[in-house]
Amino acid sequence: MTIAKSEELFKRAQQSIPGGVNSPVRAFKSVGGTPLFIKRAKGAYLYDADDNRYIEYINSWGPMILGHAYQPVIDAICSKAMDSTSFGAPTELETQVAELIREMVPNVDLIRMVSSGTEACMSAIRLARGFTKRNKIIKFEGCYHGHADSFLVKAGSGLATFNIQTVPGVTAGVANDTLNASYNNLDQVQELVNTNKNEIAAIIIEPVAGNMGCILPEPGFLEGLRRICDDENIVFIFDEVMTGFRIAKGGAQEKFHIDADLVTYGKVIGGGLPVGAFGGKRKIMEHISPLGNVYQAGTLSGNPLAMIAGYTMLNELNSNPGIYDELEEKTSYLEENMSAVLAGKGIRHRINRLGSMISLHFSDHNIVDFDSASRADIPLFNRFFHHMLDNGIYLPPSAYESWFLSNALSYEDLDATIEVIKTFSV
Ligand code: KE4
């Protein structure tokens with residue numbers, strides 16, 4: 001297949017946009033080659049500038065859980081746009097979205113809309129710091145919570161992809177207040193808490209990590225963090241920007257039966273439009289301005305188009321919970337068949353999965369944290385990525401990302417994907 005138009009568009013884009021992209025992970029920098037410029041998408045398929053069709057496993061990094069251009073969402077956006085696109089004033093629709101999220105996630109007392117997952121996570125740790133009057137946070141190496149300064153210390157996603165350990169522009173003062181532990185290592189967390197007694201405001205975690213590939217919490221890990229937070233009066237923050245409304249209607253809190261103190265959202269709750277949110281226990285959320293003095297604001301927070309897209313998407317998920325069973329079955333089918341094909345070829349690999357989040361690692365050791373993820377055969381993944389892309393299968397362009405399935409994928413699409421894997425050779 002030719003990608004001449006994408007190559008031409010990429011050259012042109014680099015004249016006006018840093019690296020030709022508006023977000024680094026899109027640049028194909030780690031896998032090499034030219035990023036595809038996408039013209040349109042429908043259901044499970046993307047069409048690039050050269051009109052090549054791809055079966056899609058990125059889904060805008062999570063939002064498109066029902067597939068691209070999902071008609072009820074499109075219709076809702078078009079209709080709402082006729083009433084103007086932004087007011088900068090409260091609307092009933094924002095309350096409807098908040099009420100629907102509280103129905104789907106019962107332990108969220110109050111929730112504030114923002115315009116990205118970064119904003120949601122940045123606001124949540126500011127709130128935790130304001131509430132506890134402490135400065136430090138604990139995050140986990142390889143987890144990514146957006147590009148706010150405090151998070152750009154041993155982060156995942158594009159920073160792992162490009163092996164960026166410290167980011168110029170993040171001051172030592174900010175970095176010193178960010179402590180890192182290894183994912184699934186409770187002893188390290190306990191050690192950090194003991195040596196920073198009464199200084200830790202929050203522990204923030206991706207309850208299923210999706211930014212170093214997909215990495216699951218080992219039994220007892222999240223429960224242990226909950227216990228440490230209870231013992232030490234630390235705010236426990238679930239970053240559910242990826243997992244929220246994806247791995248279950250109630251996200252990871254429902255899946256693992258654990259109540260976080262604060263939870264952040266993004267991606268699915270915007271239906272593909274820019275939305276993030278943070279919410280949780282009333283006693284903490286009441287410190288947010290205008291109720292309290294922890295200031296947080298946004299011109300386009302609760303934007304009507306973003307709200308109607310998210311409200312329509314969440315309503316579909318809330319009223320059709322069978323969607324989660326369908327996604328579970330489809331992703332399990334992909335996992336089992338992909339593993340059988342690779343094993344049949346004698347290719348050592350590990351597949352991590354929870355619900356419709358899945359990642360493939362070329363490794364003969366289990367992938368349980370950033371260190372084990374980074375010791376997998378990354379160059380082999382990059383070759384696998386291009387083999388799949390050249391044959392019409394669009395995977396995330398990095399071994400340090402989770403794949404996301406949409407419910408628009410059919411078993412024919414999954415079988416076609418497996419057929420392409422069968423033609424892969426090391
Ligand atoms: P945004 O600011 O990109 O909306 O959300 C930041 C964020 C926060 N928390 C988690 C768990 C996330 O995965 C993200 C963003 N995810 C990346 C994909 N790994 C977005 C893709 C990109 O950076 O272009």
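Atoms within a ligand are numbered from 1 in the order they appear, just like the ligands themselves. Keep in mind that this is a model prediction, so the values were computed, not measured.
Distance screen at 4.0 Å: atom 5 (O) of ligand 1 has a protein heavy-atom neighbour inside the cut-off.
Under 3.5 Å, the side chains of Ser332 and Glu336 contain a donor-acceptor pair of N or O atoms. The closest side-chain donor-acceptor pair between Asn196 and Lys136 falls under 3.5 angstrom.
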Assess whether ring-ring contact (aromatic ring centres under 6.0 Å, His included) is satisfied between Phe221 and Phe140, documenting all intermediate values. CA-CA 12 Å; Phe221 178 55; Phe140 294 85; 5.7 Å; yes
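In terms of protein heavy-atom proximity, atom 1 (P) of ligand 1 is nearest to Gly117 N, 3.6 Å. Atom 9 (N) of ligand 1 has Asp239 OD2, 2.7 Å as its closest protein atom, hydrogens excluded (heavy atom only). Here the protein heavy atom with the shortest distance to atom 14 (C) of ligand 1 is Tyr144 CD2, 3.7 Å. With respect to atom 8 (C) of ligand 1, the closest heavy atom belonging to the protein is His145 C, 3.5 Å. Among protein heavy atoms, atom 19 (N) of ligand 1 sits closest to Asn211 OD1, 2.4 Å.
Taking 4.0 Å as the cut-off between side-chain N and carboxylate O, Arg40 and Asp51 do not count as a salt-bridged pair.
With a 4.0 Å cut-off on non-hydrogen atoms, Lys267 touches ligand 1 through its side chain and not its backbone. Heavy atoms of Glu206 found under 4.0 angstrom from ligand 1 belong exclusively to the side chain. With a 4.0 Å heavy-atom cut-off, ligand 1 is reached by the side chain of Val25 but not by its N, CA, C or O.
The aromatic rings of Phe28 and Phe385 sit perpendicular to each other, their planes meeting at more than 60°, with 30° as the lower class boundary.
Each of the atoms 6 (C), 7 (C), 8 (C) of ligand 1 lies under 4.0 Å from some heavy atom of Gly146. Atoms of ligand 1 found under 4.0 Å from any heavy atom of Ser23 (numbered from 1 in listed order, with element): 22 (C), 23 (O), 24 (O). Residue-ligand proximity, Glu401 to ligand 1, at heavy-atom distances under 4.0 Å covers atoms 18 (C), 19 (N). Within ligand 1, the atoms closer than 4.0 Å to a non-hydrogen atom of Thr118 are 1 (P), 2 (O), 5 (O), 6 (C), numbered from 1 in the order shown.
The backbone N or O of Glu335 lies less than 3.5 Å from no partner atom in the side chain of Arg353, so there is not a single donor-acceptor pair. With hydrogens and angles disregarded, a donor-acceptor distance shorter than 3.5 Å links the side chain of Asn184 to the backbone of Glu218. With hydrogens and angles ignored, the 3.5 Å screen pairs a side-chain donor or acceptor of Asn352 with a backbone N or O of Cys214. A donor-acceptor contact shorter than 3.5 Å links the side chain of Asp261 to the backbone of Phe236.
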